[in-house]
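Quick notes on the structure that follows.
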Amino acid sequence: MGLESNLNTDGGGFMVTTVDSVVNWARKSSLWPMPFGTACCAIEMMATYASRYDLARFGAERMSFSPRQADLLLIGGRVPIKMMPVLQKIYEQMSEPKWVISIGACASSGGLFDTYSMIQGVDQFIPVDVYVPGCPPRPENFIDAFMKIQKLVENDSVKNYKKPKNNSFNKLWQTN
Amino acid sequence: MADQLIFDKIKEKFSDEILDSYEFRGDKVVCLKKDNVLEIMEFLNTDSDLHFDFLADLTAIDYLEYSEPQPERFAVVYQLYSHEFKYELTIKVYIPEEDLHLDSVYSIWKTADWLERETYEMFGIHFRHHPNLKKLLLPEDFKGFPERKDFPVKGIGYRENFPIYSRPFDNNYLRKEED
C-alpha cells in the first residue's frame, strides 16, 4: 500500500530517492494555511474546511493563525487600503518557502468595488501563485486551487532557495 | 394630530429659527437655521410632550449639482425618534460651504459621538465641542472627503501607493531547469 510495502519480510531494506522528492512530498502533504479572510469568500473557505468538503484530506489539517508558522496565505475577500499594510506585514512575516492563493473576484481584481478605498487586486503589491475565480467561489474551485498549489510545491526544488535573488533578501520590499 | 403637535411645539418656541417645515409621504421634516441648533435639540429632547430620546441617525447631504435649487451646498440631517410617543422627526440644517461648523449634539445624545466623527471625515463638517473629533473609518493620514460629490470615485492614488513585495527567491517552479 504505502512505503512499508517496500520493506522486506524481515523488516529490513532501503530505498533511494532525491532530496527534492522527499522535501516536496513533505511540504505539499502538510501545507499550513494562514487564513486572511475579510469578506464572504472567507465563509466559503470555512465551508471548505468544514466536514462536508474537509480540506484536511489534502493535508491542510491545521489552520495557522500565526503567519510565522504558515506557508500558504489564503486571501479571501476584499482588501481595503487600510488593510493592505496589514496584509503586507503578514506576508513578510511568513517564512520561506511560501505560497499565496487569492480567493474570489475581490482579492484578485477588486471585484465590483471600483472605488478609492479598495485595492484592485492584491497581486499588484504581493506575489500571488493561484487565483480562484468566483463571487464567491464554490468550495470545489477552492479545492482545485489548493491542488494546483500542491502541484507547484511538487515541482519546486530546494535549490531554488539557496541564494536570494539579486541580494534582495535584506531589502524585501522596494517602492515603485 | 401628532404631526401638527410637533410642528406647533417647535414653531411656538422657535418661530425665528425655522426656515421651512413640511411633510413628505408621512415623514415630518423641519429645516432649521444653523446658529441655535443645540438649543432646539435640547428642547426636543427634554420637552415632556415630545421627548425625542433617541438619535436614530445623523449624516450629511452634499447638494452639489442637485436638480432642485437648495439654500446651501451642505445639509446635516438628524433623524430623531421618541420611544415614549412613537414620534419620528427629521431635522435638516443647511450649512454653507464657507463655514462648515456646527454645534455637536453629543451632550444630548451620546450616540452622536461616532455619527459626528463619520460625518466629519466623510464631508469635512466640523462639530464644535465634540469630545474626540478625529477620523473613524478612514486611515489617519487620508486626505480629502470621500462622500462629497466632487470627490473622484476612484480616488487620487490612495489605492495605488503601496510598496511592492517581490519574491525574495527565484523560485519560478513553472520553468523547467536547464542544468
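A, B, ... follow the sequence lines: proteins, then strands. Residue 1 opens every chain. Worth saying up front: this structure is predicted, and the values here are computed from it rather than measured.
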Task: Contacting region of A/V100 [heavy-atom separation from chain B under 4.5 Å] - done: neither
TODO: Select one option (side chain, backbone, both, neither) describing which atoms of A/P85 are under 4.5 Å from chain B's heavy atoms.
DONE: both
- [ ] State whether the side chain of A/Q150 and the backbone N or O of A/F58 hold a donor-acceptor pair below 3.5 Å, judged by distance alone.
- [x] yes
Open item on the list: I want to check something: taking the side chain as every heavy atom from C-beta on, are A/S108 and A/V122 in contact at a cut-off of under 4.5 Å?
Closed with: no
Open item on the list: Any heavy-atom pair between the side chains of A/Y116 and B/F142 that's under 4.5 Å?
Closed with: yes
Open item on the list: Does B/K135, at its NZ atom, have more than 12 non-hydrogen atoms belonging to other residues, nucleotides or ligands within less than 6.0 Å?
Closed with: yes
Task: Structural part of B/L138 lying under 4.5 Å from a heavy atom of chain A - done: both
TODO: Sort out for me which of B/P152, B/P139, B/G155 touches chain A most, counting heavy-atom pairs under 4.5 Å.
DONE: B/P139
